[in-house]
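First comes the structure, then the notes that go with it.
A, B, ... follow the sequence lines: proteins, then strands. Residue 1 opens every chain. No hydrogens, no waters, no symmetry mates; every other heavy atom, side chains included, goes into these values.
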Number of protein chains: 2
Amino acid sequence: MISKKTKYTIHALVHLAKHKDSGPIQIKTIAETENIPKKFLEAILIDLRNKGYVASQKGRNGGYYINRDLKEMNFADIIRMFDGPIGMLPCVTYLYYEPCEECEDEETCAVRKIFKDVRDESVKILKAANLAEVIKTEKSLSRKKKK
Amino acid sequence: MISKKTKYTIHALVHLAKHKDSGPIQIKTIAETENIPKKFLEAILIDLRNKGYVASQKGRNGGYYINRDLKEMNFADIIRMFDGPIGMLPCVTYLYYEPCEECEDEETCAVRKIFKDVRDESVKILKAANLAEVIKTEKSLSRKKKK
DNA sequence: ATTTTGCCTATTGATTCGATAGGATAAATT
DNA sequence: AATTTATCCTATCGAATCAATAGGCAAAAT
């Protein structure tokens, strides 16, 4: 399971992406429409701002807006930001790699091989899920439903 | 990341599977060859026994042995046993399903769609990884390396 | 000047994780 | 029968992580 923090982050970013051209959007607005605890969301957005993913405007009529090309923000990177590695074992992660004490030889460890396969497939899907794609998908799912 | 408990469980079961025909195997042996804290492994094995996955023999020359067809024990079920759902969101799990407060309509929620894809792919790989297959894979990896 | 909104620090309670202690019980060996 | 060698069971521990909130400071618009 991903943490609630990450789940909130994803929904908040998708929200900002959807309303990219409406000027700064307030914490309160996002919190209410996405059902996220306001104070918690606040902490998340400040963090995203410090990392450069979003920018903010202070004072009246202030709020947040996305600071990058939507194609450059994907679910794999967002998950890694707060929850760490996507791989299920330390020995199959890229950025957080650590050898396992359990196996003597990584090359011949079948356990590792399986979790590596899972990781590679997961990362592939999550990398493809950038904000631009997600919005497209959402539109296409809505169209499908109407019919 | 899966918990250490689950990781230990997998390695212990693979160990038992490999030595299926050597009679009961002691905790101490498994703990030492697989580098698992003995007392921790003890708790795990008792649990596996109560769940019917392994059987035990008390007293001198006692130990544990696998109680099922190796094909019936796969990584998906083992992970679920201690770590719960494999899906990354409550709304994409099967046994632990819960609706998300964030999205109004599951059918058109793109976030859900992506995590559903990840889950389905992961479960597919992890289901295929039953103990019989894992042992086969390990042998084939060893053969490959020698060449 | 006042209101509105983001920014920052600190804290809290709950839960989970990983591991160990200490002894009871059962079976085989002597 | 006594001893040894295992598993079985209960209980507990500290550390870490999670989710959320409190309370006030700083900046910008009206």
Side-chain angles (χ1 to χ4, degrees), chain A residues 1-12 16 23-32 34-65 67 79 81-85 88-90 96 98 100-102, chain B residues 1-12 16 23-32 34-65 67 79 81-85 88-90 96 98 100-102:
Chain A
M1 289 273 179
I2 57 172
S3 65
K4 292 210 170 184
K5 190 170 184 177
T6 293
K7 190 166 66 153
Y8 294 157
T9 301
I10 287 174
H11 282 285
L16 288 179
I25 297 169
Q26 294 160 23
I27 294 176
K28 204 187 162 194
T29 309
I30 305 175
E32 283 171 3
E34 306 291 336
N35 282 296
I36 302 171
K38 197 190 150 197
K39 270 288 185 180
F40 200 170
L41 179 59
E42 195 185 311
I44 290 169
L45 287 170
I46 290 172
D47 208 340
L48 291 178
R49 183 189 144 276
N50 291 335
K51 292 196 165 86
Y53 289 97
V54 300
S56 63
Q57 174 72 43
K58 275 193 182 179
R60 190 172 279 185
N61 300 328
Y64 288 90
Y65 51 95
N67 204 17
I79 291 171
M81 205 176 348
F82 295 129
D83 286 359
M88 287 178 162
L89 288 178
Y96 303 81
E98 266 180 56
C100 282
E101 294 109 33
E102 290 80 40
Chain B
M1 287 272 177
I2 57 172
S3 64
K4 292 211 169 184
K5 189 168 184 179
T6 293
K7 190 166 68 154
Y8 294 157
T9 301
I10 287 175
H11 282 285
L16 288 179
I25 297 169
Q26 293 159 23
I27 294 176
K28 203 186 162 194
T29 310
I30 305 175
E32 282 171 3
E34 307 290 337
N35 282 296
I36 301 172
K38 197 190 151 198
K39 271 287 184 181
F40 200 169
L41 178 59
E42 196 184 311
I44 291 169
L45 287 169
I46 290 173
D47 209 341
L48 290 177
R49 182 188 145 277
N50 291 335
K51 293 195 165 85
Y53 289 97
V54 301
S56 63
Q57 174 73 44
K58 275 192 181 180
R60 190 172 277 188
N61 300 327
Y64 287 89
Y65 52 94
N67 205 16
I79 291 171
M81 204 176 348
F82 295 130
D83 286 0
M88 288 177 161
L89 287 179
Y96 303 81
E98 267 180 56
C100 283
E101 295 109 30
E102 291 79 42

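The listed nucleotides are D/dA20, C/dC8, C/dT5; the one nearest the side chain of A/Glu42 is C/dC8. Distances from the side chain of B/Lys39 to the nucleotides C/dT4, D/dC9, D/dT5 place D/dC9 closest. Of the listed nucleotides (D/dC9, D/dA29, D/dT4), D/dT4 has the atom at the smallest distance from the side chain of B/Arg60. Considering only the side chain of B/Lys58, C/dA27 comes nearest among C/dA27, D/dA28, D/dC9. Each of D/dA29, D/dA19, D/dT7 was ranked by its minimum atom distance to the side chain of A/Ser3; first place goes to D/dA19.
The distance from atom CD1 of A/Ile30 to atom OH of A/Tyr64, rounded to the nearest 0.5 Å, is 8.5 Å. B/Ile2 contributes atom CD1, which lies 6.5 Å from atom CG of B/Asp83 (distance to the nearest 0.5 angstrom). Distance CD1/B/Ile79 to CE/A/Met88: 5.0 Å, rounded to 0.5 Å. Going from atom CZ of B/Phe82 over to atom OG1 of B/Thr6 covers 6.5 Å, rounded to the nearest 0.5 Å. A distance of 10.5 Å separates CG of A/Leu45 from CD1 of A/Ile25, quoted to the nearest 0.5 Å.
Separating the CD atom of B/Gln26 from the C1' atom of C/dA28 is a distance of 12 Å, rounded to the nearest angstrom. One can place CG of A/Leu41 at 16 Å from C1' of C/dC8, the figure rounded to the nearest angstrom. Protein atom NZ of B/Lys38 is 13 Å distant from nucleotide atom C1' of D/dC8, rounded to whole Å. Nucleotide C/dA19 holds its C1' atom 11 Å from the NZ atom of B/Lys5, rounded to whole Å. If you take CD1 of B/Ile27 and P of C/dA19, they are 16 Å apart, rounded to a whole angstrom. One interatomic measurement links the two molecules: CD1 of B/Ile30 to C1' of D/dT7, which rounds to 12 Å at whole-angstrom precision. Between the P atom of C/dT20 and the CD1 atom of B/Ile46 lies a distance of 15 Å, rounded to the nearest Å. Rounded to whole Å, the distance from CZ on B/Phe82 to P on C/dT16 is 16 Å.
Within the 4.0 Å cut-off from OP1 or OP2 of C/dA28, at least one side-chain nitrogen or oxygen of B/Gln57 is found. Contact between the side-chain N/O atoms of B/Arg49 and the OP1/OP2 oxygens of D/dC8 is found at a separation under 4.0 Å. Contact annotation: B/Ser56 side-chain N/O to D/dA6 OP1/OP2 distance is not under 4.0 Å. Between B/Tyr8 and the phosphate of C/dG18, there is no side-chain N or O to OP1/OP2 separation shorter than 4.0 Å. A/Asn61 has a side-chain polar atom (N or O) that falls below the 4.0 Å cut-off from OP1 or OP2 of D/dT30. Note on B/Tyr64: every side-chain N or O is 4.0 Å or more away from OP1 and OP2 of D/dA6.
Sequence order on DNA chain D of the closest nucleotides to B/Gly62 and A/Ala43 puts B/Gly62 first from the 5' end.
No donor-acceptor contact under 3.5 Å links the side chain of B/Lys7 to the base of C/dG18.
You'll find the side chain of A/Asn35 stays beyond 4.5 Å of the side chain of A/His11, heavy atoms only.
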